[in-house]
Number of protein chains: 2
Amino acid sequence: MERRRRGEAVVGSKRGEHMGDIRRGRETGTLGKLMALIDLVALADDPMRFTDILSQSDQPRGTLHRQLSHLVEEGLLETDRDGRYLPGIRLLNLASRSWARNEFRTVAEPHLRLLQAQTGETVHLGVLRGTEVIYLDKVEGRQSVRMYSEIGNASPAYCTGVGKAALSALDDISLEARVSGLQFHAYTEHTHRSVADLQADIAAIRARGCAFDREEHENGICCVAAPIRSDDGDILAGVSVTGPAYRVTPEKLQEWAPLVRAAAAAIMQDIRSRLGPRR
Amino acid sequence: MERRRRGEAVVGSKRGEHMGDIRRGRETGTLGKLMALIDLVALADDPMRFTDILSQSDQPRGTLHRQLSHLVEEGLLETDRDGRYLPGIRLLNLASRSWARNEFRTVAEPHLRLLQAQTGETVHLGVLRGTEVIYLDKVEGRQSVRMYSEIGNASPAYCTGVGKAALSALDDISLEARVSGLQFHAYTEHTHRSVADLQADIAAIRARGCAFDREEHENGICCVAAPIRSDDGDILAGVSVTGPAYRVTPEKLQEWAPLVRAAAAAIMQDIRSRLGPRR
DNA sequence: AAATTCAGTTCCAAATAATGGAACAACATG
DNA sequence: CATGTTGTTCCATTATTTGGAACTGAATTT
């Protein structure tokens, strides 16, 4: 009668907390199963052999084979010379358009640049998606390392400045709904360990108007972030200034807080006028 | 069973003309139809309303509605506040992984940096896909503008240095197969107008070991590029040095040609040793 | 205010594509 | 050579997608 549920049992295992997604309920049929496969391959640390995928997706061999063939055919996956599966460059191509014309990002960009100029440190823009933050943009200073590696990246909301800031813009009920049942991974000794920890922090963030990340996600990295929210609650995001702990001292964080809040406010103002209210 | 490679007949030459819309959808069943929709939305210059999509995909209303719902559900598309469809950020997220762990790109990266340091101009790495080039990486000098906008971008092979270089690494038969029937769009007054033009250029490129682009794609932009090919022909790509015509004079192009060829050679060598022969 | 168009949504029998089991290659490995 | 491992193909069964039509709801016209 009921076919087995896709996704759930399959994808999550690898690295704890991916998929804070809120897509319980609706099924997307064939597409959902294929996306679960893409996720599986894309999230893996190495190219996957057919058998690896077979063991982690509970599809029968024949079915899986056809599914993968279709994905390869469409360029969403590729095979290396050993026949192992990798994410395909078609994804890159689709993403570049998604990025270049993202309205929110476009509107925010000048403010990110200003904030970068004011602080001299790296500025991030990220949107909340479920309980993860996806970085939409990044403006770096002089010592530019690699850019792309961060854009499009998903990180847990509970241990990043942008993520916590965005969460703080939710009302209590929505917040509770999102974070309850969250798995906390101890990235550093400062990472929040429980929902209670997180909620306490978020109360402080609300009072203060900005979030701090003092080496919660990565040792030696600190940031200040402020929440961005559209009036209709459609956009839930954050902007942050990030840098190495030795440069970004607690005093600096305090000093930058107003600037970051101002940037967030300016972005919200621009959203209001440029993107307009719901028509 | 000899499936045909997709892309060939499809590749739009221009931005505006979203390829044959519903390409031969049947190849990958449901997925193919959905991907055609994503393409449609991603290639459009503006968000599309339901009706816009309806008129350009020959699906019945009910079907289209469900398809779009599924795509939105999976985050591949999004709707703005007017209900119009846009590419979704999930694409960005998937792509960032695709990019960060792309073996070829990773291997090439240090050589791109070296070439950038040697010339001081922007260095590109692109792979050939059908008759388009997709840019995999970019290393810029001082006056860094925006990065992401180029990575993942697809451009016609016939009017870009990287594209022509990559094409030159094909044997005559494969080349003929790819470029015959190609539509030539006159981006500038120097853009090739016909297969014959292109083939003549490619003969020269083969003899010379590198390709020039003297304002063929964009006015005021010139480049030198060299082909990259793996022994098994699996990888077909190119590396280039690009800059504004006033800085990148014909003499400079000549001067850099050996450097670009050397970079390409070094990348090929690394591919040979690092990615190893077919196991 | 009623009528008409337009834009989007829902429904369900019929068409079609996906499924899953099993058999089949192709290649290592003991 | 026997045996296991990995990947591929086939096809009756079954589930999913399809497409036409009917419905909503909002804007525009009469």
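Only this structure's heavy atoms are used, side chains among them; waters, hydrogens and symmetry mates stay out. A note on names: the letters A, B, ... follow the listed sequences, proteins ahead of strands, and every chain is numbered from 1.
Put simply, the side chain of A/R206 gets close to the backbone of A/S168: a donor and an acceptor are under 3.5 Å apart. Within the 3.5 Å criterion, the main-chain N or O of B/D231 finds no donor-acceptor partner in the side chain of B/R272. With hydrogens and angles disregarded, no donor-acceptor distance shorter than 3.5 Å links the side chain of A/S98 to the backbone of A/L94.
Protein atom CG of A/L68 is 10 Å distant from nucleotide atom P of D/dG7, rounded to whole Å. The distance between atom CG of A/L31 and atom C1' of D/dT16, rounded to the nearest whole Å, is 13 Å. Remark: P of D/dT18 and CG of B/L54 are 14 Å apart, rounded to the nearest angstrom. One atom, NE2 of A/H70, and another, P of C/dT16, lie 17 Å apart when rounded to the nearest Å. Taking atom CG of residue B/D58 and atom C1' of nucleotide D/dT18, one finds them 13 Å apart after rounding to whole Å. The interatomic distance linking A/Q59 (CD) with D/dA15 (P) rounds to 15 Å, in whole Å. Distance, A/L64 CG to D/dT8 P: 10 Å, rounded to whole Å. Whole-Å rounding puts the B/Q67 CD to C/dA17 P distance at 12 Å.
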(request) Take A/E73 and B/T28 through the side chain to side chain donor-acceptor pair (under 3.5 Å) test and state the conclusion after the steps. (result) CA-CA 7 Å; A/E73 183 78 22; B/T28 51; over 6 Å; no

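Between atom CE of residue B/M48 and atom CG of residue B/L43 there is a gap of 10.0 Å, rounded to the nearest 0.5 Å. Here the CG atom belonging to A/L91 is positioned 7.5 Å from the CG atom belonging to B/L91, to the nearest 0.5 angstrom.
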Can you name the atoms? Protein N/O to nucleotides 6-13 of chain C N/O, anything below 3.5 Å, with the distance.
| from | atom 1 | to | atom 2 | distance (Å) |
| --- | --- | --- | --- | --- |
| C/dG8 | OP2 | B/T51 | N | 3.0 |
| C/dG8 | OP2 | B/T51 | OG1 | 2.5 |
| C/dG8 | N7 | B/R61 | NH2 | 2.3 |
| C/dG8 | O6 | B/R61 | NH2 | 3.1 |
| C/dT9 | OP2 | B/H65 | NE2 | 2.8 |
| C/dT9 | O5' | B/H65 | NE2 | 3.1 |

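Phosphate contact (OP1/OP2 of C/dA18, side-chain N/O of B/T30, threshold under 4.0 Å): present.
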